[in-house]
Structure formats: C-alpha cells, structure tokens
Amino acid sequence: MWKNSSLRCLFALAILCLRSLIYSQEIGSLGHPQNLKCVTHNLRKMACTWDVSSKGRHGQTDFCYTTNDFPPPVCFKTKEKRVEIPVPESSTTVTITTNSISAGFATKEFEIHKKDISFIPLAPHILSLTPDFSTSTLNMKWSDNGSVFPYGLDAFWQIEILRKEAMEKVTQVTYYSKLTHEDIILSWNWTSDMPLECTSHYVKIRCYINVTQFVGPKDWSDWSPVEEVPGKDTESNGSGVFPQDTVVAVGSDVTICCVHEEGQQIQWITYGPEIYPMIHLSSRSSAIRVLNASASDTSGTNVVCILSEDEMDGTVLFVGYAPDIPQNLSCETSNFLIIKCTWKPGRPSGLYGKRRTKYSLFERISGKNVSCEVNEMNRERVCGFPVLADQKTYDFILGVSNPIGQTESSLLVDLMQRVHPKTPEKLTVSGNSSTSVHLRWFINGSFAEIRLLCQIEISSGDSEQKLHNVSMPGGKFSTYTAQLNALHPYTKYQFRVRCSAADCFWRWSDWSRIEEHTTLEAPPARGPDIWRERSPSGKSLKIFWKPLSLSEANGKIVSHEVSCYLLETPLEYKEVTEPSNSTEIKLGKNDCVITIVAKNHAGLSPPSRITSMELPSDNVKTDRAVAMGNGIYISWNSYPNVTCGYIVKWCHSSGSEPCSVDWQKFPSNTTDAVIKSALFRPGVRYNFSLYGCKSSGYQLLKNITGYMKELPPKRAPNFTVEETSSDSILVKWEDIPIEDCQGFLEGYRLSFAKGEKDALKPRLSESGNPELKIKNITDLTKNSLKILDLQGKTSYQLDLQAYTAGGLSPPNSLYVVTKEDSIGLIIAILIPMAVVVLLGVVASILCYRKREWIKEMFYPEIPNPENSKALQFQKNICETLMKTSMKTSMKTSVQMALIFLTLRKVLTPYAHMCLHHYVPRCILQRKLTCNSQSNFFGALYLNICLLRRSFV
C-alpha cells in the first residue's frame, strides 16, 4: 500500500513539473521567429521570409547565416522580415534574433538545405504588343532575362489570350526558347480567328525554367501584367464591318463582325444572299461565322449589316485559291538579248485586279530579280529576263504569290542550248533560170556566236513537199541567202523558211510567209506518145498523141508539128495548135513514117516516130478481160516475132459517141497488164485491141472486151407468153442491149408460182411462197422456155430476171391463167353419177328380196296397227333401256344413247326408202312416243325417238 501511494505522489509531481516547463517555454516563445521560407529567382540569391508569433511592435532584427564554404557568420540588421542571401551549395545555418517590446529579445536558429529552396522565376514583362488589323495578327515581344541564368537552360513561356470585356479565355499556348546567358528579345505572333477590330483582346505571359541540377521545388512564375489591344467597339466613333475587303482561301471559316454606334441596333447580317445567325460580342458589336467559304466571283462576295433606322454598312470578302506550283517552266532566247520564260499557272486563283497572282523571276548566279507583268486571262504566262554579258548559264527561280499564299519553281538553263530564233522576215525569191532560184531573208537577232541551220520548204501544185537544209554562220541582225538548183522548168513553186541553232538544236522558228516563183520554160523533155489508125477506106490515116505531163512539157505547149516521110522524103507537114491531140493525113495506098514534135516557147522536143504500116492478121480472137474493181486485167500469150513491144488500144463499145481512143505501151517481155484510166466507169463495156510491134509494122493480135466492175443488169428482158395449155406455158423473151447488161450476161432466172394479179401482193422473190419454183437458164442461145406440170384453169405469176457476175436485174412480171381440162371435168361428173345409180340398184335389190320381212315388220295383217312387231320392238327396247338405266350409271346410258344415234344416221336412208314402198301413210303419220319415267334418261329417250322418227 505504501509503495503504491508513494508512486502515485511521485507521478503527480512529475506531471506538474512537465506542465510548468511547457508553460514556461510557451511564454518564452512569444516574439520568436518561425516559418522561414526561402525562394530564389535567379539561382544565385534567394529571398528568405519568416513570421513572428508576437503581435507587438518589433524593432530591429539581427540576421546571421553561415555556410560550409564560408564558416565565419555573416550578420546584418534589418527592420523587415525579409532578407536576400546567396544560395548555398548544399546547406546553411541561419540565426534570427528579434527584439520585441512585449517579449524582449528572441533568438531562433534554422538550418536550410538546398532541397528546401524553391525556384520561381520573376514574372516576365511584355515589352510591346502590336496589332496588325489587316491580318488580325498580334505581335508580342518580351525579354527572356537570360543574363541572370546559366547558359543553355530550357525556358517555357505560357501565353494566354483573352477576349471581350469579360476577358473570356480564347487560347493558351506554350512557347519554347533556350537561354543564352544574354538578355534576348523574344517575339511571338498569333493570328485571331476574329478580326481585332471586333472586340478587345488581352494578352499575359508567365515562364518556367527547367533547371535539372536544381533539387528544390520549381514552379511557374507569376503572370505578367495584362496588355490590351482595344477593339473598335471601345472607341467613341468606331463603327463598320470587319474585316474590310479581305482575302481568304477557299474552305476557310471566316468571322465577320459589325460594330455600330451607341444607340443603334443590328437587324441582321447577310453574306451574299443568305442571312446568318449573329454572335453577340459586346453592346456595340455582333458577328457571324461563315463555314467552309466557297470561291467568290470576280467582284467578291458582299457582306451587309442592316442597322436600325434604315442604315446599313458592309464589306466585300474575296475567296480564292493559293497559287499552284508553276508547271512546264521553260526558258529560251530568240535573239540573245532577252530570255523569254514561259510556264503554265495551273488552277486559277479566282483573284483579280490588285489581288491577282504576282510573279517574279530571280536569277541566283547574278542575283538579279525581275518582276513579271502577265496577262491574267492568258493560260500561258510569259516573262522576260535580260541576257547578261559573259553569262551563258542561268539559274532561275520563278516566285509566285498572292494574298493567300506563295510558291516557286526553279530551272537551270544553258542559254546556248535554248535558242529559238524569231520568224524569218522579208523573204524574197529571184532567178533568171529554168532550174534554179536565189532566196534572201532577214532574222532579227544577234547570232554571231553560233551557226544557224535553216530549212527551206519547196512545194509545187499537188506534188509532195520537199525540204532543203542550209547551214550557215550566224550574224548580228543579218540577211541570209541560199541558192536552190535542180528545179523543174516552167513550174510554179512556193517557198518558205525556218531556222534553228545548228550545233545545239532546240526548236525551229515559225515558218516565214510563203513566197511564190515560177521558173522559166525549157524545151520539152521528150516527144509525145503517139498512135495511128487507118480509115475504113484505107486512104487516110488518123494520128493521135497524148499530151505531155507538166514535168515533161517544161512549159506551155503551143502546137505539135506532124510530118510524114517516105524513104526520108517528106510527103506532108502539118502544125496542129493546142488543144487538139489528133490530125488526119491522106496517104492513099502508101505507107510512111510519121514524126511528131511538141513545141513550146523555149523550143522543140525530141521527135516521136511511128510507121503507118499495119501487117495483116489471121484468126483474130476476142477474149474476156477480168474486172478488178479499180482496173481491167488483160493477158496474152508471148509472141516471139514481136520485137518492139505491145500496144493495148481501147475505146467505148457502145459506139453512140465518137470514140475516144486511148492506148498503153508495154515491153516485149510482158504478157499481162492491169489497164487503169480515170475515164473507166463501172458497168461500162470496153473493147481492147492488142497490137504487136514488129520491125516492119504493127499487127493486130487479139481483141479483148471487159469491164472495170460488173454491175447487175439495168433491166430484165422483155418476155411474152406464146402458148398456154391446161398444164403448160411457153415463154419467149428478147435479148438485152449491151448497154443495159452492165456486165457479161451469165443467164436468166425464171420464177413462177400461183398468184392473182394484185398490185398489193409482194413479188415472188419477196413472198417466201413455198410453192415458188425457179428455172435457171444458162444457155444464152435460147430465148424461150416451156413450163410443164401446171394445173388447169389456174392463175400463175411469172418473173423473169437476167444476171451477171454483178447480180440480178430487176424482174419483169406476167400473170397467166392456164386453160381448163375438159376431159377431167367430164370424168369428175360421171363418176359420182355412176356411184349413185349403183347404190340405188343395190338398195332396190335388197328391198325386193326382203319384202316379206319388211311387210311383216312394218305392215302386218292385223286389225290393230299398234300390234306391229316394229312397234313392239320399239316398246320392248324402251322398257329394257329403262330397266337397265335403273341398274347402270349415267355414263352407260349416255354411251347407249350415242350408239342409237349412230344407228339412226346409218339406217335412216335405207329405212326411209323401204318405208316409202311398204309402210302405209296412216302408220307413218302416227305419233309414236316413248314415255320416260325420269329426267335422268332424257338423252336416251330423245335418241330413241329420233331413231323412230328416222323411219317416218
């Protein structure tokens, strides 16, 4: 017990002492410093702040600190609760002694470690905030204060944009920079989606510096003071629609606002023809939002703001495209003075006037820049750049820009390989010869450093064009000449010239204008091609010649001189003027050698000769030629005696007009030929005569007839019916004239079938009649045909056609009726009559032989005719059928009725004939009936009664 009481007393005493000690410490802590915090802004010095618990007035504070690097304490006095001391490398000990009137002196010692020091940069200061109202862009500048920080630190700047009077947050962006231990002015641009005039914009900034080696807490700086860009709605007289006449890209989202004066109200805002919903910005400003703007027309799209009191304001929005990259950029020189560059602009921008696309040509080697004036409506752009002295290579950059964007294209050019001369000018042609001319032309340009290759195009009439190349040294704005030889006399030529660089070909110049020149005449190159024919009387000779071609005449043929020589003695001389190509001379029975010379203004041709001697011919045959479609193929055997060739002469076969003689000569080793002539026509027969040329004269070898192309005959032969019978027709036809055959006649086609003469009915060849029969007549010596196996008294249609290898002619038609067959008619009448008589005889014999049975059946000798067995037979039949019908089905009854109906049809004629002979009229006129007990047997009853009445 004692021990427990003593322990309790000691424990209570300890508690009292502890409470007293704590109370005394609390009283002693009044006025002591506490809550020491240190923050650095530049990593070199730190600002330390503390609190004092006493609320009384304080005097000076003694502040001392020591570090490991500097052991002696550093002390100083301060009246504030804030001091700046260096940032320690690891830790520092701080002693703070405060002097309080109520509490006296109080000293507190703190130990500060580096990890307890916070790093917070000072708030940045915006140096300038400049608005660009035309582009709705803000430009902000500030200093990074990098001189107070070590080199190479990463700095992050957080920029916040606010808008409207309520300073609503629009966006927040982060900007990165690198500190360089120098004070650098940083610049940042921001483009607003809303024109800056619409409402006020505000900007503030703070920073964060990432110091990886700093172990203490790091944080963002405070925000800088807010900088403002006031909108037009803050100005007393600010009003309008913004942006003003701006340009945007197709597909952009555009905000357009209307700022009005105090006291006004906006009724609505339209973009083009549409009214858009308004966005309220301030008491004096509202906006609309146009999404995905489409391309505007040339004059732009109107934006109209309708205000109260019938006032309005507006602007124009231009919507287009950024320029395309120039395509097919090419540069060349035409005169070594100017380099002309061309390109294709690609898609049109849709912007015109002062907003159009602009081009500039920059040459990198020389550094020279040229602004290009281009025609906006021309699809191909052109820009000129001056040729620079002693520079052959040019490195061009074509810059393209408009208010929406810009682009460029580049090209490296060796000027010596890009020469495209201008069109040759002042082309002249001169000459005093039949085979040569002299050409002169001028090229505007300085080509003294290169050689030129010029091409002369020579054409005459319908002949093929020829090109003649001439290489020559270039000159400076020079005239160039060329000589052309081997031309044809008396020919009208057309000349034109183009040129290019000879050594490094790039492009030809354009052709010069055409210059014409006609060469002088020359004597004809050869004599004309000639032929002759004796008159039927043999006393005169007709001489023919073919006109010389232009290339052979060498001028205008004015006449032909015809001479006839016998043993080199002239017998006759004639000069035949153009355009005659034949003449006739009288020889009597003599033969001579005919000479013909063509004459023009320059002279005479070499003579052409032919003998009038014609050798006798025996057994001259006529062959057929083969039609080729574009000519006539003829062939012949080789004749050994022919020494100087063959002559094929032809003429029209009709003889209706004077014969136009033509001929063609072939060498002795030829045995076939295709004769062609522009005068040949399809379907026209031509007669050819083949002559062999021998030393003593010409001999007719064979005649040939043929067509260039065979056609169907123009018409069918006329034909008539010479004779008709009941089963045959004899047809006769006429020959077709040769002019109507249009080919070699191969036969006739006679078609016939039954048919009436009716114009509406189709022809036999079109009807598809299965009874149609055709006779093909290939024997051309026949002109008649007998058609057999016909029917008498029947109408037939006959069609006759002629045919060649080219086809069938149109048909000629006749309608013929065959005669009636009298013997057949008599037989057709007599046979039925004989059959009837025979049947009558047989029936009479049968009735005579069965007369007793018939009498007993139909006319018995009893007082009551109703007891007749025939009637009894009928009654029994009815009763039997009625009983049977009760036991059988309807189908069986109907079948029985059909059987009786059949018996009635068969027996009626014979029964009727017998009754007329043996049954009295009184019985025949009685009504014999079969009473039916049921409608079910109506059909059976009816047939029985009909069978009965068949005998009446």
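Just so it is clear, the model here is predicted, and its values are computed rather than measured.
Counting heavy-atom neighbours within 6.0 Å of K392 NZ, excluding the residue itself, gives a total above 12. Heavy atoms from other residues, nucleotides or ligands lying under 6.0 Å from CH2 of W268 number 12 at most.
The aromatic rings of Y175 and W142 lie perpendicular to each other, with more than 60° between the two planes, well past the 30° mark.
By the ring-ring contact (aromatic ring centres under 6.0 Å, His included) test, F362 pairs with no residue at all, sequence neighbours left out.
Between E457 and R496 a salt bridge is recorded (basic side-chain N to carboxylate O distance below 4.0 Å). Under the 4.0 Å criterion applied to side-chain N and carboxylate O atoms, R364 and D395 are assigned as salt-bridge partners.
Between the side chains of S509 and T423, no donor-acceptor pair of N or O atoms lies under 3.5 Å. Donor-acceptor pairing under 3.5 Å is recorded for the side chains of R163 and H201. Side-chain contact check for E363 and Q391: at least one donor-acceptor pair (N or O, by modelled atom type) lies under 3.5 Å. Between the side chains of S177 and D144, no donor-acceptor pair is found at a separation under 3.5 Å.
Because its NZ or CZ atom is both nearer than 6.0 Å to the ring centre of W506 and within 45° of the ring axis, R418 counts as a cation-pi partner of that residue. Cation-pi contact between R347 and Y321: present, with separation from the ring centre below 6.0 Å and deviation from the ring axis of at most 45°.
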Check: Step by step, would you call W50 with F110 a ring-ring contact (aromatic ring centres under 6.0 Å, His included)?
Finding: CA-CA 11 Å; W50 61 89; F110 299 92; 8.4 Å; no

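Cysteines C499 and C454: SG-SG separation is under 2.5 Å.
For residues 286-295, every residue pair satisfying the side-chain hydrogen bond (donor to acceptor under 3.5 Å, both in side chains) rule, not counting sequence neighbours, is listed here: T255-R289.
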